[in-house]
Amino acid sequence: MEIPPRYNPKDRESKILQKWLEGAVYHAEQNPSQKPFSIVIPPPNVTGILHMGHALNNTIQDVLIRYRRMQKYQALWMPGTDHAGIATQNVVERELAKEGKTKEDIGRENFLKRLWQWRDKYGSTIINQLKKIGSSCDWQRLRFTMDEDYSQAVGEVFLQLFNQNLIYRGNYIINWCPRCQTALSDEEAAHKEVDGWLYYLRYPVKTKEGNPSFITVATTRPETMLGDTAVAINPQDKRYSWLKDSEVILPIVERSLKIVEDEAVDPEFGTGIVKVTPAHDPVDFQLGKKHNLEFINIMNKDATLNGNVPEDFQGIDRFEARAMLIELLTQKKLIEKKEPYNLGAGHCYRCSTIIEPRISLQWFVRMKPLAQEAIKVVQQDKIKFHPHRWKKVYLNWMFNIQDWCISRQIWWGHRIPVWYCQDCYNSDSNDRKGIIVAKEAPEKCPDCGGGKLAQDQDVLDTWFSSWLWPFATFGWPFEKSEDRNQKIEVRKKEFEYFYPTNTLVTASEILFFWVARMIMASLKFTGKIPFSDVIIHGTVRDDKGIKMSKSLGNVIDPLEIVDKYGADALRFSLMFLAASGSDVYLSNDKFLMGRNFSNKIWNANRFIFSQLRDKKINIDKLGYKIEDESDAWILDHLNKTITACTESIENQRIDEAIKTAYDFFWHFFCDWYLEIIKDNFSQIKANNSVFILLSALKLLHPFIPFISEEIFSLIKKNTSLDLTEFISESGWPEKEKIDIDSNSLVIFTKMIDTVDKIRDLRGNLGLAQEKISLEVRTDASLKEFWARHQGWFNKLIAAESISLVDKLDRVFYQNKYWEINLKIDSADLAKFKQVLDKKISNFTSLIAKSKTKLNNKKFVEKAPKDIVEKEKSKQDDFSRQLIRLKNLKEIIV
RNA sequence: GGGUGCAUGGCUCAGUUGGUUAGAGCGCUGCGUUCACAUCGCAGAGGUCUCUGGUUCGAAUCCAGAUGCGCCCACCA
């Protein structure tokens, strides 16, 4: 069997993936004899295409799942997609627009048909992409937020909240996106700074003699003046106490404005007088309620001005109207001045259009009652955030939580399960007469018996279904109903087994949107926390630190990386770079690291197998035998690596885990052990190297599943070992409990140090090519070691001969156990002298430092004894080295 | 305005409860390809750990302040 010298992931990954899918290695079922471990995927938008953020997010989850699966947990990773109301509707609307049609043209029913068609066609794109990067979800359980069962849960939740008076309908000021033409929640209105102007407008005043004939108000949105119904001042502000007896006239509209006093007005800002537009500003809305002002809505759904403004402005867009107004007011000399001003304006999180605050009739959830428990569980660390600092961010938001606007004026989503009785419902009234909330369409009004019922036209916020994700995906609620009967018991059992889930992995952006709400929903409806740990990872940025986004064109497509370097390379580099919670800076070359590592593993495997083949060695039992110091040393490091790696994953430090495993494989196993056994590939060494290789592959499998699976199956094929079919079934490695002689470890470590230093000397002496001869002086007990392992040195430092002597003319290298002289004919002594001088001065200063420390009585008194001892032996060692170097310099020069 | 985080070699970052001659990857320099891997090996250069003060026998690490970045939240029109 010929093994190519380069690992080609492209050939292999798809075959391995196929094998996994056929073997259903991801499937988990409730099984009381095993411990459960479960994660629910943050469901990507059904419109989604895999981006680097997904790759990062899902690789972390996959590492955790694969790790637990190897530990013989029933590891369930629940996959699925989110219907993503506005986003998906926008996509299909854009498609329609290409045909020159609007959704209204084809009607609600047909439009929804188009949406489902679209979902059926493209909805699995991101799922297939997730598979491609190795995500080991339980694909048999794929969920969608608009599945029939899932929708049942949404309806149930609405019903329960309504019955407990935690849902209400009312006219309030909400965030309105004039482009999507729907209400948005506060979270969906992203505050961004916008360059703008602060205009100072003059409003004429009818007042007593001696008072000013106008007042000046400041505003960033002059067009809203058309809806002004008052001006407000601070009651403490004596400058304007005269205003109370005056009448203010709104220019252009010529409306008389009320004058109100309110503490909310900051006398320091602007002129200290505020224009009040109760229907188009959240603060003014509050003022309007408080002072019983008139609410004049001046805008249509698309933010053009409506019939409540003077005729010239009707039908004009808000920003155009602003320009027109400025011009008109300037003509009338009613603009005092304007100043450049940065204002924080809400932007639609789906289309970035500037939000217009607008009063409309919407459904809301009372959040304060839901928040209480959700605050407690986090305060008590029943749910832990990683990194820990997010706890504070979460709590801060929860303490200040506002009611949640959940109705959306779009068509794609869960229709609000509410019917209004045409006979007795009055939307202006606060009572619930004529409102029927039900999972099935009711026949008549329970209040008046009327039969004219109309369902609410709106749908629910996407997040109103997402917040149920951790338990609705398990089939909650578990009440019997005709078509759900058979499955219900199974589902209930599964839920009891897997729930609460263990870890949620997410980006900080959706902490409030999703994480906080899931905690509230789960506590409310299941009485349990939804997960015990929340891992919050960083944002993916380009190499300049700018967030990757399609619109900026600075994205790296993860699938292109998979194509070029393999999914393992993608995953490896992401995990290597993603320190816990910190942002990940990416550029194409970052993935070379992952590719190179795959290739290194491939070649280590290639070496071992070519040796097995050439030497006709068969391996039928995986016993590890310690034959010499190298076997002890590498096993000791393997044991340490297993411990460290396991601990790191347990502590949610995936980057640390992968670095440890990487370092072991490359810089311990390949660099030293494989080099050393090259010339002595005995049966024992063969066994040992396969043993180490297998253990290392298992450690690496959660991070780089494809190549580890591939080599695992090659081992299975090329040995007589009794291995499981898949590496994931082979168990997480445990420390090998063989007595390891500590003396062997010390000697081997000294050997490595010796090799390092002699290589260094070789370079510094300008002996790059030449073979060199060594004279070694050592104790009788270690002569045997040197005699036995001449081959190691010959190989590792290209030595020609090594002679054991009792006396050395000069010492190039020394440690506690042996001293070495290099026999050299010719050397670059000038260069070497420089190096010696540098080292001498280096050691001189180290000794000086050490001396000051040890001469410091307080240090000797107060520092722990072992530290002082360490310092002493350090100083001794430095001194020995210094003497050696000085002698060497004398002899050489 | 409130909150929160970061500042370590050219770049991106590690550095656990204060005690190392401060590390890694990439980049750079020199040497090296029949002998697993040039997607490689060996060696090297490069850091007053942002600044100031404090605690301590001892600070990259703890505390305070300053400076510079970043993120989140917020109704100063």
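Here is the naming used below: chain letters follow the sequence lines, and residue numbers restart at 1 for every chain. Side chains are part of it too, since the values below use all heavy atoms of this structure and drop only hydrogens, waters and symmetry mates.
K838(A) comes within contact range of the sugar-phosphate backbone alone, with a heavy-atom separation under 4.0 Å but no base atom that close. As judged by a 4.0 angstrom heavy-atom cut-off over every strand, N396(A) is placed among residues making no nucleic acid contact. Y341(A) comes within 4.0 angstrom of the backbone, heavy atoms only, and of no base. In this structure, R606(A) reaches the sugar-phosphate backbone alone: every heavy-atom distance under 4.0 Å involves primed, P, OP1 or OP2 atoms, never a base. Residue-level contact check: V217(A) touches neither bases nor backbone, having no heavy atom under 4.0 Å from any strand. Among the atoms of the strands shown, none is found under 4.0 Å from any heavy atom of D284(A). Across all strands shown, D663(A) has no heavy atoms under 4.0 Å from either base or sugar-phosphate atoms. Across all strands shown, F512(A) has heavy atoms under 4.0 Å from sugar-phosphate atoms exclusively, and none from any base.
Rounding to whole angstrom units, CG of residue D281(A) and P of C75(B) are separated by 10 Å. For the pair N400(A) CG and C72(B) P, the computed distance is 18 Å after rounding to whole Å. In this entry the distance linking CG of N596(A) with C1' of A36(B) reads 15 Å, nearest Å. Atom CG in L586(A) sits about 13 Å away from atom P in U12(B), given to the nearest Å. In this structure, I649(A) atom CD1 and U16(B) atom P are separated by 20 Å, rounded to whole Å. If you measure from atom CD1 of I676(A) to atom P of G41(B), you get 16 Å, rounded to the nearest angstrom. Here C40(B) presents its C1' atom at 15 Å from CD1 of I601(A), a figure rounded to the nearest Å. Between E871(A) atom CD and C57(B) atom P the separation is 17 Å, expressed in whole Å.
Considering only side-chain N and O atoms, R221(A) lies nowhere under 4.0 angstrom from the phosphate OP1 or OP2 of C75(B). The side chain of K392(A) places an N or O atom within less than 4.0 Å of a non-bridging phosphate oxygen (OP1 or OP2) of U4(B). Listed pair R6(A) / U39(B) meets the phosphate criterion, a side-chain N or O lying under 4.0 Å from OP1 or OP2. Using a 4.0 Å cut-off, some side-chain N or O of K600(A) falls inside it from OP1 or OP2 of G41(B). Of the side-chain N and O atoms in W397(A), none sit less than 4.0 angstrom from OP1 or OP2 of A74(B). A sub-4.0 Å separation between OP1 or OP2 of A77(B) and a side-chain N or O of Y199(A) is absent. In this structure, K839(A) does not reach the G44(B) phosphate: none of its side-chain N or O atoms is under 4.0 Å from OP1 or OP2. The phosphate of U21(B) has OP1 or OP2 within less than 4.0 Å of a side-chain N or O from K874(A). For A77(B), the OP1/OP2 oxygens have no side-chain nitrogen or oxygen of H280(A) closer than 4.0 Å.
Taking a pair as Watson-Crick or G-U wobble with both distances under 3.5 Å, RNA chain B forms stems of 3 or more consecutive pairs at B:1-7 with B:67-73, B:10-13 with B:23-26, B:28-32 with B:40-44, B:50-54 with B:62-66.
The 12-atom threshold is not exceeded at NZ of K849(A), counting heavy atoms of other residues, nucleotides or ligands nearer than 6.0 Å. In K192(A), the NZ atom is crowded: over 12 heavy atoms of neighbouring residues, nucleotides or ligands sit closer than 6.0 Å. Atom NZ of K615(A) is surrounded by more than 12 heavy atoms from other residues, nucleotides or ligands within 6.0 Å.
Residue P5(A) has its side chain nearest to C37(B) when only C37(B), G44(B), A77(B) are considered. Here G19(B) is the nucleotide among G5(B), G46(B), G19(B) with the atom lying nearest to any side-chain atom of A863(A). Side chain of V283(A), nearest nucleotide from C57(B), G5(B), C75(B): C75(B). For D671(A), the side-chain atoms get nearest to C42(B) when compared with the rest of C42(B), A77(B), C57(B). Out of C76(B), U21(B), A43(B), the shortest distance to the side chain of L846(A) is found at U21(B).
A ring-centre distance under 6.0 Å is not found for F703(A) and Y662(A). Here F285(A) and F295(A) bring their ring centres to under 6.0 angstrom of each other. Ring pair F576(A)/F597(A): centre-to-centre distance not below 6.0 Å.
The pair D877(A)-R880(A) counts as a salt bridge, with a side-chain nitrogen and a carboxylate oxygen less than 4.0 angstrom apart.
Take the nearest nucleotide of RNA chain B for M593(A) and for C670(A): the residue whose nucleotide is more 5' is M593(A). Of the residues near RNA chain B, N599(A) and W672(A), the one whose nearest nucleotide (by heavy atom distance) lies more toward the 5' end is N599(A).
The base of A36(B) is paired with the side chain of E675(A) by a donor and an acceptor separated by under 3.5 Å.
Using modelled atom types, one finds no donor on one side chain facing an acceptor on the other under 3.5 Å when comparing D403(A) with Y172(A). There is a side-chain donor-acceptor pair under 3.5 Å between D186(A) and N175(A).
In this structure, I298(A) and T224(A) approach most closely via the heavy-atom pair CD1-CA, 4.2 Å.
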